[in-house]
Amino acid sequence: MPRLGEDAPVGADEGADVRAAYRACRRIVREAHSAEYTLLQLMPPQTRSACWALYAAFHTADGLIDTTEGTPAQRSEHLAAWTAALRTEADHGRSRDPVRRALVDTVWRWGIDLDDLAESLSALAADADGTAPATWHEWRARVKSQNTGWVGQFLRLLERCGVRVPVDLGQLAAVSGLLDGLYLTDTLADLADDVNRGTLTLPTEVLDRFPGAGSDLAARHFSPSVQALVTHLLQRARQSLAEGHDELRHHLHPGADILLQSIVALFRARLDVAEKSGPAILQRPCEPDRLTRWRIMAPARLKAFLLWRLVPLHTPPAARPQAGVPQQRTPGSHQPRSATVTVPAVPVPAHPSGACPPAIDPDRLPHHVAVIMDGNGRWATSRGVPRTAGHTAGVRALRDMAMGALEIGLAHLSLYTFSTENWNRSADEVFHIFRVLGDELEDGWILRHDIRLRWIGDGQRVPCDLAARIRDQEAATRHRTGLTLNLCLDYGGRAELARAGSAIARAARTGDLTHGDMTERDFARYLPYPEMPDVDLLWRTGGEQRLSNLLPWHASYAELHFTSELWPQVDRRDLWQVVSDHTHRHRRYGAAPSPDAPPAARTETAIT
């Protein structure tokens, strides 16, 4: 255990290159982010080298985007190349870049979720053009996408060394609010630098509330409008910090609480400096002096030092690949399940009829079932009620289908919820679909069962409140191992392939891909979820027999099943029947049938 005021040394069992890489990360953090470096000293000693690696990686990635060199597209490509190199090096266990070398070691030693980091890096790349968000909703979504992955990894470090951090499902809003306060404080403290670079990312709606503030900021003129804007932002930042702090601190381990209290105190001190700066806020960064920082951090350092001596901690055994040997790894497969969200032991409610699921041979069970939920409008019309009533009934049927999938142990269920072509419907109908879907999710039934929610689709036009609700539940359930429920919302298969093609073209321009070495596996890496398995069974209700642009890459070898019942008429018993029928099909994937194979008979399995 290091003495008070010392850093924890990197393990002596590590190679010289790893030790040098961690030391390089430490220098980067200490020199470029002195306040954050001090806060990281409150983490358990066993985790600090990993903290340096994570924060140095964030600093490096952010620097690739924030630089004024090159065009926005070039900056995004540089970050994409850096991220692609990290993925490749994580498989090989080695890198010549010191930051990535330390991060690769951290990924394998601590079970860091590289997919989480890749998502955060992608979110940073999306900001390369410096475009300001239009609304606070968009601003918050940007903050969450850029920062949640990194915060999650620091929580992972605490958990892996034995410190429980019970951030449960009900606290996601508090975590998001705290991040808002921290990020807004950063924006105010660094306002001078942002204005100088021309990268101010405050929402357009808040600038519009203070006429002239945007142009005055650009001119570095501390006008009454700018002063009023700054006062408003200071108040909003303090409120977000207070709300997040007050809700979270009652649930935390004492060590995590010390860290939270110190973070909030230090960022409040930064706000105090910004508030007192007046016009100087546009001339220089607003950081508390050393004495103020010492008054905040010295007691915290002493508390943390004493606590970590009393609390039993451990470092997990390293689980790394042999250096230089590529590993066949599904993204995220080597990471342990996160303990940040506990799966409630809530039994699946039985079907109202009392029907029980059939006994299906696990070896014959399809791994991935996709459903085109067709017929909501026709169901309503046939009953003389508005089409919106059909969508209400259809969204409710979605829950029963997921319950049925859980009961038979299905691994992946993809539901075609809203296609890109559905935007051609009336605004009232589209609004109703999103409203009833949001109401269904707000009930929280996904959170009560072992379901991992994933959103597949574009989402740029989806209402912010619905998007935020889905993203919250997606993040909360990301490490669950039961049913993966894919909501294909604002989804278009051709658009998905086009985006993958664009990403491949960028990779080719940056040299990450060379002519002639593209394989199907390489292509799949550029899809939103490269690890998603192929669709085994695609089922469409409503009597139509077309695929409607659903998962064209993954469904290329799917068995097709069409039924005449309209979607609101079906329930989990129909899913069981369709899956049971599928188990009697013999898939050959282009090969000739074996003379010993039994005929592909269709057996009617009674579902009672």
Side-chain angles (χ1 to χ4, degrees), residues 330 332-333 337 343 345-351 353-373 397-416 445-446 449-454 456 477 479-488 524 529-541 547 550-551 553-563 565 567 570-591 593-594 596-608:
T330 300
S333 62
R337 180 176 171 178
V343 180
V346 177
V348 175
H351 188 269
S353 70
C356 297
I360 300 177
D361 183 354
D363 293 333
R364 303 289 297 170
L365 187 70
H367 195 57
H368 185 180
V369 175
V371 184
I372 299 175
M373 306 181 296
L398 182 154
R399 183 190 307 200
D400 192 71
M401 204 60 56
M403 295 300 101
L406 275 173
E407 286 188 287
I408 60 174
L410 197 64
H412 291 261
L413 177 65
S414 294
L415 299 177
Y416 208 179
W445 61 271
I446 289 177
H449 300 281
D450 192 9
I451 298 175
R452 178 190 184 191
L453 179 67
R454 290 202 302 194
I456 301 178
T477 62
H479 295 292
R480 291 182 174 178
T481 57
L483 171 69
T484 295
L485 179 63
N486 301 310
L487 286 185
C488 299
Y529 291 101
E531 77 283 7
M532 188 168 73
D534 285 349
V535 175
D536 298 304
L537 171 62
L538 193 152
W539 171 30
R540 180 174 188 139
T541 65
L547 304 183
L550 175 63
L551 300 173
W553 179 269
H554 297 89
S556 58
Y557 272 99
E559 296 284 329
L560 306 180
H561 194 103
F562 301 105
T563 56
E565 292 82 6
W567 175 250
V570 304
D571 58 28
R572 71 182 79 178
R573 294 171 297 178
D574 297 278
L575 173 69
W576 296 340
Q577 184 68 63
V578 169
V579 170
S580 296
D581 289 349
H582 174 81
T583 63
H584 299 286
R585 297 190 183 189
H586 299 281
R587 308 182 70 189
R588 300 191 298 272
Y589 298 99
S594 169
D596 299 327
R602 176 186 174 92
T603 302
E604 297 297 335
T605 304
I607 307 297
T608 61

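Keep in mind that what you see is a predicted model, and the values were worked out from it rather than measured.
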Can you name the closest pair of heavy atoms from [X] and [Y] and give their distance?
X: Tyr529; Y: Arg454; result: CD2-NH1, 3.3 Å
X: Leu487; Y: Leu398; result: CD2-CD1, 4.1 Å
X: Ser580; Y: Ile360; result: OG-CD1, 3.9 Å
X: Met401; Y: Trp539; result: SD-CZ3, 3.9 Å

Does the side chain of [Y] come within less than 4.5 Å of [X]'s, by heavy atoms?
X: Arg572; Y: Val348; answer: yes
X: Met373; Y: Val570; answer: no
X: Glu559; Y: His561; answer: no
X: Thr541; Y: Glu565; answer: no
X: Leu413; Y: Val371; answer: yes
X: Pro349; Y: Arg399; answer: no
X: Asp361; Y: Thr583; answer: no

Pairs involving residues 362-373, ordered by first then second residue, that meet side-chain hydrogen bond (donor to acceptor under 3.5 Å, both in side chains) (sequence neighbours left out):
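Those involving residues 362-373 are His368-Ser414.
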Given 3.5 Å as the limit, does a donor-acceptor pair link the side chain of Trp576 with the main chain of Gly404, or not?
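Yes; at least one donor-acceptor contact below 3.5 Å.
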Reported [atom1]-to-[atom2] distance for the pair [X] and [Y], which is rounded to 0.5 angstrom:
X: Ile451; Y: Thr481; atom1: CD1; atom2: OG1; answer: 12.0 Å
X: His449; Y: Arg480; atom1: NE2; atom2: CZ; answer: 9.5 Å
X: Met403; Y: Leu575; atom1: CE; atom2: CG; answer: 12.0 Å
X: His554; Y: Ile456; atom1: NE2; atom2: CD1; answer: 7.5 Å

Side chain to side chain contact (heavy atoms under 4.5 Å, CB included) evaluation trace for Leu483 with Glu407:
CA-CA 10 Å; Leu483 171 69; Glu407 286 188 287; over 6 Å; no
Residues two or more places apart in sequence or in another chain: which of them pass side chain to side chain donor-acceptor pair (under 3.5 Å) with Trp553?
none
Kindly indicate, with the supporting measurements, whether the criterion side chain to side chain contact (heavy atoms under 4.5 Å, CB included) is fulfilled by Leu485 and Leu415.
CA-CA 8 Å; Leu485 179 63; Leu415 299 177; 3.8 Å; yes
Those residues that, when tested against [X], pass side-chain contact (heavy atoms from CB on, under 4.5 Å) (two or more places apart):
X: Phe562; value: Arg540, Gln545, Leu560
X: Leu550; value: Ala370, Ile372, Tyr416, Cys488, Tyr491, Leu538
X: Asp571; value: His351, Asp400, Arg573, Asp574
X: Ala350; value: none

Hey, mind stepping through Met532 and Leu551 against side chain to side chain contact (heavy atoms under 4.5 Å, CB included) and telling me if it holds?
CA-CA 11 Å; Met532 188 168 73; Leu551 300 173; 3.9 Å; yes
Criterion side chain to side chain contact (heavy atoms under 4.5 Å, CB included) on Ile408 and Leu365, from CA distance to verdict:
CA-CA 9 Å; Ile408 60 174; Leu365 187 70; 4.3 Å; yes
